[in-house]
Enquirer: 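The structure under discussion is supplied below as C-alpha cells; questions concerning it will follow.
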Amino acid sequence: MSTIPTQPTPVVQDRRRRALSDLRISVTDRCNFRCVYCMPKEVFGSQFQFLPRSELLTFDEITRLARIFVSLGVRKIRLTGGEPLVRKNLDTLIQDLAHLEGLEDLAMTTNGSLLTPDRAKALKAAGLQRVTISLDAIDDALFQRMNDVDFPVQKVLLAVDAALDAGLGPVKINMVVKKGLNDTAILPMAAYFRDRRVILRFIEFMDVGNTNGWRLEDVVPGEEIVRLIHQEWPLEPVPPKHLGDVASRYRYLDGQGEIGIITSVTRPFCQHCTRARLSPEGQLVTCLFGTHGDDLRSLVRGSASDDEIQEHLRYLWAGRDDHYSELRRSLTPGLPKIEMSHIGG
Ligand code: SAM
Ligand code: SF4
Ligand code: SF4
C-alpha cells in the first residue's frame with residue numbers, strides 16, 4: 001500500500017490534475033539582507049527601483065483575495081517576501097488571515113533578523129501558527145558573507161529560540177546550499193540543530209530569477225547531502241505528511257530529530273505542485289519559475305465582484321500547465337524569470 005497521503009476532492013484542478021491548496025503571499029519586494037544567491041548587491045544596490053507603496057496590495061486587498069483562494073480549496077497560506085517582517089503592521093494582516101474560515105495553516109518564511117522575543121509573541125497572538133527561518137551557515141564570518149550586510153549569526157539563533165518559546169512551531173530552518181560557498185557548513189549546521197526541536201531543511205541552489213549567476217555545477221545534489229550527514233549520524237527516510245510536501249524527510253536513527261531535503265533541481269516535484277503565488281503588487285504567479293503573472297490587482301481595485309474574481313481564478317488555475325523543473329535542462333538559459341525576492345520561495 002502507498003504511504004503517500006491522498007487529498008480530498010479538489011475544488012479546481014489544473015491541466016495536470018493538480019489541486020489548488022497552497023498560497024504563498026509575498027508582502028513586499030524589499031529586504032534588509034542581500035543574500036548572494038538571491039539579491040546580489042551588484043543588482044539590488046542603492047539604484048534598484050523597488051515597488052512604490054501605492055503599487056503594493058493593501059492588507060484589505062490581500063485578505064479579500066486570500067478569502068477567494070480559500071473558497072477554491074487553499075488550506076495553507078505562507079507569508080513571504082522579500083523580508084515579510086519589514087512590512088509595517090504585518091500583525092494586522094495576520095489577524096485578518098487567521099480568521100479565514102477553512103484555512104488550516106498560516107505560516108511565514110523570514111530571515112529572522114527582526115524576530116525578537118516580543119515580536120514572536122505578538123505574531124503568535126495575532127494568529128500566526130509557525131515560522132520557517134532561513135539560515136545558511138553557523139559560522140559567523142561565512143553567514144555574514146552570505147547575507148552580505150554583516151548580519152551576525154547569533155541574532156538569527158536568538159530568533160530561532162524566540163520562535164520556539166513563542167510556540168511558533170514546528171520551527172523549520174531553510175539552508176540554501178551552494179557548492180564552493182557554504183557546502184562546508186552542512187555538517188556544522190546539522191550538528192548544531194540536531195536535538196534542538198527544529199527541522200533543518202537543505203535546499204538545492206535554484207535557477208530562480210536572472211541575477212544570481214546560477215550554474216548547474218554550483219548545485220550540491222540533495223542525495224549527496226543526505227550521504228554526507230548519514231556518514232556522521234545515520235538517517236532513515238520518513239514518509240511525507242502531506243501530498244505536495246516539497247521536502248523529502250529523514251530522521252536520525254539515534255532519535256535526535258529530523259532533516260528535510262528540497263531537491264527542486266535534481267529530483268523535481270512538479271507532479272504534486274499545488275502552490276499558487278501572489279506577488280506584492282497582486283500578480284498571480286503559478287510557478288516559481290514563471291516569466292510573468294496575471295494581474296489580480298486591477299480586478300480588486302476595479303468593480304469585479306468576489307464571484308467574478310473566483311471565476312477568473314478558477315479559469316487561470318484550470319489552464320495551468322507549469323512543470324518547469326522537469327524541463328529545466330532544456331529551458332534554463334535566456335528565459336527572463338521573476339526574481340525570488342519578488343515572489344518569495
Ligand atoms: N526573506 C525571507 C527569507 O529569506 O526567509 C523570505 C523570502 S526568501 C526569497 C524565501 C526562501 O527562498 C529562503 O529560504 C531563501 O533561502 C530561499 N531562496 C532564495 N533564493 C534561492 C535560490 N536561488 N535557490 C534556493 N532557494 C532560494
Ligand atoms: Fe532577503 Fe530572503 Fe532573499 Fe535573503 S533570501 S535576500 S533574506 S529575500
Ligand atoms: Fe511547482 Fe513550478 Fe516548482 Fe514545478 S517548477 S514544483 S510547477 S513551482
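Just so you know, ligand 1 is whichever comes first in the structure, and atom 1 is the first atom listed for that ligand.
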Enquirer: Measure the shortest side-chain to side-chain distance between Phe33 and Glu83 over non-hydrogen atoms and say whether it is less than 4.5 angstrom.
Expert: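 No; the side chains remain at least 4.5 Å from each other.
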Enquirer: For ligand 3, which atoms have a heavy atom of Arg277 less than 4.0 angstrom away?
Expert: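 By the 4.0 Å cutoff, the relevant atoms are 8 (S).
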Enquirer: Give a yes/no verdict on whether any heavy atom in Gly82 is under 4.0 Å from an atom of ligand 2.
Expert: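 Under 4.0 Å: yes for Gly82.
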Enquirer: Can you tell me which residue and heavy atom of the protein come closest to atom 1 (Fe) of ligand 2, and the distance to 0.1 Å?
Expert: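 Of the protein heavy atoms, Cys31 SG, 2.3 Å lies nearest.
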Enquirer: Give the single entry among Arg78, Met146, Met340 that approaches atom 27 (C) of ligand 1 most closely by any heavy atom.
Expert: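 Nearest heavy atom to atom 27 (C) of ligand 1 lies in Met340.
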Enquirer: Near Glu83, which atoms of ligand 1 are under 4.0 Å from a heavy atom of that residue?
Expert: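 Near Glu83, the atoms of ligand 1 are 1 (N), 2 (C).
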Enquirer: Mark up the atoms of ligand 1 that fall under 4.0 Å of a heavy atom belonging to Gly81, in ascending order.
Expert: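 Under 4.0 Å from Gly81, ligand 1 has these atoms: 7 (C), 9 (C).
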Enquirer: For a quick check under 3.5 Å, do Thr92 and Asn89 share a side-chain donor-acceptor pair by atom type?
Expert: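 Looking only at side-chain atoms, Asn89 and Thr92 do not form any donor-acceptor pair under 3.5 Å.
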Enquirer: Looking at Leu288, which atoms of ligand 3 are within less than 4.0 Å of one of its heavy atoms?
Expert: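 Under 4.0 Å from Leu288, ligand 3 has these atoms: 2 (Fe), 8 (S).
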Enquirer: Which atoms of ligand 1 are found less than 4.0 Å from any heavy atom of Ile203?
Expert: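 Atoms satisfying the 4.0 Å criterion: 25 (C), 26 (N).
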Enquirer: Can you name the atoms of ligand 2, numbered from 1 with element, that are less than 4.0 Å from a heavy atom of Cys35?
Expert: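 The atoms of ligand 2 under 4.0 Å from a heavy atom of Cys35 are 4 (Fe), 5 (S), 6 (S), 7 (S).
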Enquirer: Examine Val36 and Phe48 and state if one hydrophobic cluster contains both, with Ile, Leu, Val, Met, Phe, Trp and Tyr joined whenever side-chain heavy atoms are less than 4.5 Å apart.
Expert: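 Result: no, two separate clusters.
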Enquirer: So is Met175 close enough to ligand 1, meaning a heavy atom under 4.0 angstrom away?
Expert: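 False for this residue.
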Enquirer: Taking 4.0 angstrom as the limit and counting only heavy atoms of Thr80, give me the atoms of ligand 1 inside it, by number and element.
Expert: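 The atoms of ligand 1 under 4.0 Å from a heavy atom of Thr80 are 6 (C), 7 (C).
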Enquirer: Heavy atoms only: which of Ser264, Gly112, Ser113, Ser134 is nearest to atom 14 (O) of ligand 1?
Expert: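 Of the listed residues, Ser134 has the closest heavy atom.
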Enquirer: Check each heavy atom of His272 against ligand 3 and say whether those closer than 4.0 Å belong to the side chain, the backbone, both or neither.
Expert: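 The answer is neither.
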Enquirer: With Ser113 as reference, evaluate Asn111, Thr116, Thr110 under the side chain to side chain donor-acceptor pair (under 3.5 Å) test and give the passing residue.
Expert: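 It is Asn111, the one option of Asn111, Thr116, Thr110 that forms the side chain to side chain donor-acceptor pair (under 3.5 Å) with Ser113.
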Enquirer: Determine, considering heavy atoms only, which of Val27, Leu135, Val176, Ile173 sits nearest to atom 26 (N) of ligand 1.
Expert: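 Ranked by closest heavy atom to atom 26 (N) of ligand 1, first place is Val176.
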Enquirer: Can you find a side-chain donor-acceptor pair between Asp136 and Tyr37 that sits under 3.5 Å?
Expert: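 Tyr37 and Asp136 do have a side-chain donor-acceptor pair below 3.5 Å.
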Enquirer: Does ligand 1 have an atom under 4.0 Å from some heavy atom of Gly82?
Expert: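 Checking ligand 1 against Gly82, which is what was asked, there is a heavy-atom contact under 4.0 Å.
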Enquirer: For ligand 1, which part of Asp136 has a heavy atom less than 4.0 Å away: the side chain, the backbone, both, or neither?
Expert: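 Within the 4.0 Å criterion, Asp136 makes no contact with ligand 1.
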Enquirer: With no hydrogens and no angle check, just 3.5 Å: does a side-chain donor-acceptor pair link Asp140 and Gln144?
Expert: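 Asp140 vs Gln144: donor-acceptor pair found between side chains.
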Enquirer: Is the count of non-hydrogen atoms from other residues, nucleotides or ligands lying under 6.0 Å from Lys155 atom NZ greater than 12?
Expert: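 It does not: Lys155 NZ has 12 such atoms or fewer within range.
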Enquirer: Tell me whether the rings of Phe151 and Phe143 are parallel (<30°), tilted (30 to 60°) or perpendicular (>60°).
Expert: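 Taking Phe143 first and then Phe151, their aromatic rings stand perpendicular (interplane angle over 60°).
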Enquirer: Any chain of hydrophobic side-chain contacts (each under 4.5 Å) joining Met39 to Leu114?
Expert: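 Per the 4.5 Å side-chain linkage, Met39 and Leu114 are not co-clustered.
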Enquirer: Show the atoms of ligand 3 that are less than 4.0 angstrom away from any heavy atom in Tyr324.
Expert: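 Selected atoms, number and element: 5 (S).
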Enquirer: Taking 4.0 angstrom as the limit and counting only heavy atoms of Asn174, give me the atoms of ligand 1 inside it, by number and element.
Expert: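 In order of numbering, the contacting atoms are 14 (O).
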Enquirer: What atoms of ligand 1 come closer than 4.0 angstrom to any heavy atom of Asn111?
Expert: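 Those qualifying, in numeric order: 2 (C), 3 (C), 5 (O).
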Enquirer: Flag yes if Ile77 and Leu316 sit in one hydrophobic cluster, no otherwise; membership is Ile, Leu, Val, Met, Phe, Trp, Tyr, and two members link when side-chain heavy atoms are under 4.5 Å apart.
Expert: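 Per the 4.5 Å side-chain linkage, Ile77 and Leu316 are co-clustered.
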Enquirer: Go through ligand 3 atom by atom and flag the ones less than 4.0 Å from a non-hydrogen atom of Ser325.
Expert: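 Under 4.0 Å from Ser325, ligand 3 has these atoms: 5 (S).
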Enquirer: Under 2.8 Å from atom 1 (Fe) of ligand 2 - does any N, O or S atom of Cys38 fall there?
Expert: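 Checking atom 1 (Fe) of ligand 2 against Cys38, no N, O or S atom falls under 2.8 Å.
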Enquirer: Within the supplied structure, the quantity of interest is the number of heavy atoms (other residues, nucleotides, ligands) at a distance under 6.0 Å from Tyr315 OH; does it exceed 12?
Expert: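 Result for OH/Tyr315: open.
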Enquirer: By the definition salt bridge (charged side-chain N to carboxylate O under 4.0 Å, His left out), identify the one residue from Glu281, Glu61, Glu55 that meets it with Arg297.
Expert: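 Checked Glu281, Glu61, Glu55 against Arg297; only one passes salt bridge (charged side-chain N to carboxylate O under 4.0 Å, His left out): Glu55.
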Enquirer: Using only heavy-atom distances, determine whether the side chains of Thr132 and Arg201 contain a donor-acceptor pair under 3.5 Å.
Expert: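 No.
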Enquirer: Heavy atoms only: which of Lys178, Arg30, Met108, Met206 lies closest to atom 25 (C) of ligand 1?
Expert: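 Checking each option, the heavy atom nearest atom 25 (C) of ligand 1 is found in Met206.
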Enquirer: Would Ile261 and Phe193 show up in the same hydrophobic cluster when neighbours are defined by side-chain heavy atoms closer than 4.5 Å?
Expert: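 Ile261 clusters together with Phe193.
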Enquirer: What part of Thr109, side chain from CB on, backbone N/CA/C/O, both or neither, has a heavy atom under 4.0 Å from ligand 1?
Expert: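 Both of them.
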Enquirer: Taking only heavy atoms of Phe205, which atoms of ligand 1 are found under 4.0 Å from at least one of them?
Expert: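 Answer, ordered by atom number: 23 (N), 24 (N).
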Enquirer: Give the atoms of ligand 3, by number and element, whose distance to some non-hydrogen atom of Phe269 is under 4.0 Å.
Expert: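 Taking each heavy atom of Phe269 in turn, ligand 3 has 6 (S) under 4.0 Å.
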Enquirer: Counting only heavy atoms not in Glu232, do more than 12 fall under 6.0 Å of its CD?
Expert: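 Count over threshold, so yes.
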